[in-house]
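Please read the structure below before turning to the comments.
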Amino acid sequence: MASSIFNAPCTAPSVKGKNYDGLKPAVHGNLRFNAAKKPSIEGCPKRLFIVRASEKKDGAVKKLGLSDAECEAAVAAGNVPEAPPVRPKPAAPAGTPVVPSLPLSRRPRRNRKSPAFRASFQETSISPANFVYPLFIHEGEEDTPIGAMPGCYRLGWRHGLVEEVAKARDVGVNSIVLFPKVPDALKTSTGDEAYNDNGLVPRAIRLLKDKYPDLVIYTDVALDPYSSDGHDGIVREDGVIMNDETVFQLCKQAVSQARAGADVVSPSDMMDGRVGAIREALDGEGFQHVSIMSYTAKYASSFYGPFREALDSNPRFGDKKTYQMNPANYREALVEAYADESEGADILLVKPGLPYLDIIRLLRDKSPLPIAAYQVSGEYSMIKAGGALKMIDEERVMMESLTCLRRAGADVILTYFALQAARCLCGEKSTPGELRVFSEAYG
């Protein structure tokens, strides 16, 4: 394709005393363009050069070796290089009614009209740095699949755990949280194995810190994996969960985890006063640098089922409604948040995630502390099941759900999708060299 530059009539109608959109009124009241009166510029031939567009869309127009002055002189003489014409307006389908434009000064769709526009004005961003990857570990050497959580395993702490952490770090996920499957023979009514310095979790922490010193390790502080009763606290003979006695055990557990190298201890037990007691215990042992992520608003939810299968930690009797929150309650989350803040929590967590977006937003608006959300096992398994049955697009629903948690106000998200989502964000499934813009992931 070629376009020639030549002297052509180039007149515009005169504008007399009228204001047109995009034009300022003429200073002298009479503005006229007339190509017939072009200045004579010596040395500029009438047919100066030809611009040939490359046949390939991504090809560059061939340069002619002209100086800036020569190019400007050519334009001043009227030899203006041609650009492609404005693309014609796309035709409407047959039968489309012809109607006058609505008198709208504000049309929000203008800011959504192309991928570039949508990416420019996207209010919520998400990256692998926002993920904390929950990992299940056990004493065995082999990785054991978890039936209710496709893609998740009980990882052998010496091999599979290290390999999974390496995969996560490769795509930018450098924070994990450990959950142990404790042998039944080590479970007791008081959960003493929870603070064994040579227990499964402390050993795993020391191993990971030896190999990856900059890895951020969160730990779970609760007695249920270690309890023969399957509850988060010590159970009295009448079935009551003992608060203060449980907190005493949790303090020893948190100190043991900090001694092994944990960066953040995360009390998930929902006992009253445990954040302040753990903070005091950590500081008393010289672990002022260890953070506390409190499970502030942990609801007595039915979404936890697959997790309890993974750890074999179902309560042997009763439920957890006397210490976990009622799913019907909203304001109560503020009571828990204010208590945890005053006791020294560094991060406030809401669990579950997606069904409790209002609670995440509530804490985000009321607290200056970082907010975490836990996309729990039930949420994960539902998306996996829907994807396997071809009822939904698993990847798009996964990313949409995580983005919604961020939009609601979560700074970090504990999610079993951490590795899969990070790979998606890094574009591993995209064509080579393609920049993946997530705002287009779900249209």
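In what follows, residues are counted from 1 in the order of the sequence shown.
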Inset, instruction - Output, in order, the C-alpha distance, side-chain angles, deciding distance and verdict of side-chain contact (heavy atoms from CB on, under 4.5 Å) for R423 and L419. - result: CA-CA 6 Å; R423 285 173 170 170; L419 178 57; 3.8 Å; yes

State whether the side chain of [X] and the backbone N or O of [Y] hold a donor-acceptor pair below 3.5 Å, judged by distance alone.
{"X": "S367", "Y": "L363", "answer": "no"}
{"X": "Q375", "Y": "T415", "answer": "no"}
{"X": "R331", "Y": "L334", "answer": "no"}
{"X": "S228", "Y": "S189", "answer": "yes"}
{"X": "S381", "Y": "A148", "answer": "yes"}
{"X": "R112", "Y": "F117", "answer": "no"}

| query | After noting the C-alpha distance and the side-chain angles of R364 and D411, does the key distance pass the side-chain contact (heavy atoms from CB on, under 4.5 Å) rule? | reply | CA-CA 9 Å; R364 170 73 292 145; D411 297 288; 2.7 Å; yes

Are the charged groups of [X] and [Y] less than 4.0 angstrom apart, N to O?
{"X": "D170", "Y": "K167", "answer": "no"}
{"X": "R236", "Y": "D229", "answer": "no"}
{"X": "R206", "Y": "D197", "answer": "no"}
{"X": "K187", "Y": "D224", "answer": "no"}
{"X": "E139", "Y": "R203", "answer": "yes"}
{"X": "K252", "Y": "D192", "answer": "no"}

For this session: Please determine if K351 forms a cation-pi arrangement with F307, meaning its NZ or CZ atom is less than 6.0 Å from the six-membered ring centre and no more than 45° off the ring axis.
Result: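 Positive - K351 is close enough to the ring of F307 and near enough to its axis.
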
ask   = Please walk me through it: do L135 and V177 pass side-chain contact (heavy atoms from CB on, under 4.5 Å)?
value = CA-CA 6 Å; L135 297 173; V177 57; over 6 Å; no

- Task: Identify the heavy atoms of E332 and N326 that sit nearest to each other, and give their distance.
- Result: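 Answer, listing the atom of E332 first, then N326: OE1-N, 4.4 Å.
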
task: Take D220 and S268 through the test side-chain hydrogen bond (donor to acceptor under 3.5 Å, both in side chains) and record every step on the way to the result.
output: CA-CA 7 Å; D220 179 51; S268 64; 2.6 Å; yes

Partners of F417 by ring pair (Phe, Tyr, Trp, His ring centres under 6.0 Å), sequence neighbours excluded?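 Once residues adjacent in sequence are excluded, the partners of F417 under the ring pair (Phe, Tyr, Trp, His ring centres under 6.0 Å) criterion are Y380.
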
Pick out which of [options] makes a side-chain contact (heavy atoms from CB on, under 4.5 Å) with [X].
{"X": "F131", "options": "V173, I176, V412", "answer": "V173"}
{"X": "R274", "options": "V221, T246, D340", "answer": "D340"}
{"X": "M293", "options": "V132, I347, V265", "answer": "I347"}

Does either side chain, that of [X] or that of [Y], offer a donor lying less than 3.5 Å from an acceptor on the other one?
{"X": "Q420", "Y": "E395", "result": "no"}
{"X": "E379", "Y": "Y374", "result": "no"}
{"X": "T188", "Y": "E193", "result": "no"}

Intermediate values then yes/no, side-chain contact (heavy atoms from CB on, under 4.5 Å), F248 and L250: CA-CA 6 Å; F248 180 80; L250 298 177; over 6 Å; no

- request: Could you tell me whether Y416 and F136 have their ring centroids closer than 6.0 angstrom?
  value: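 Yes: the rings meet the under 6.0 Å criterion.
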
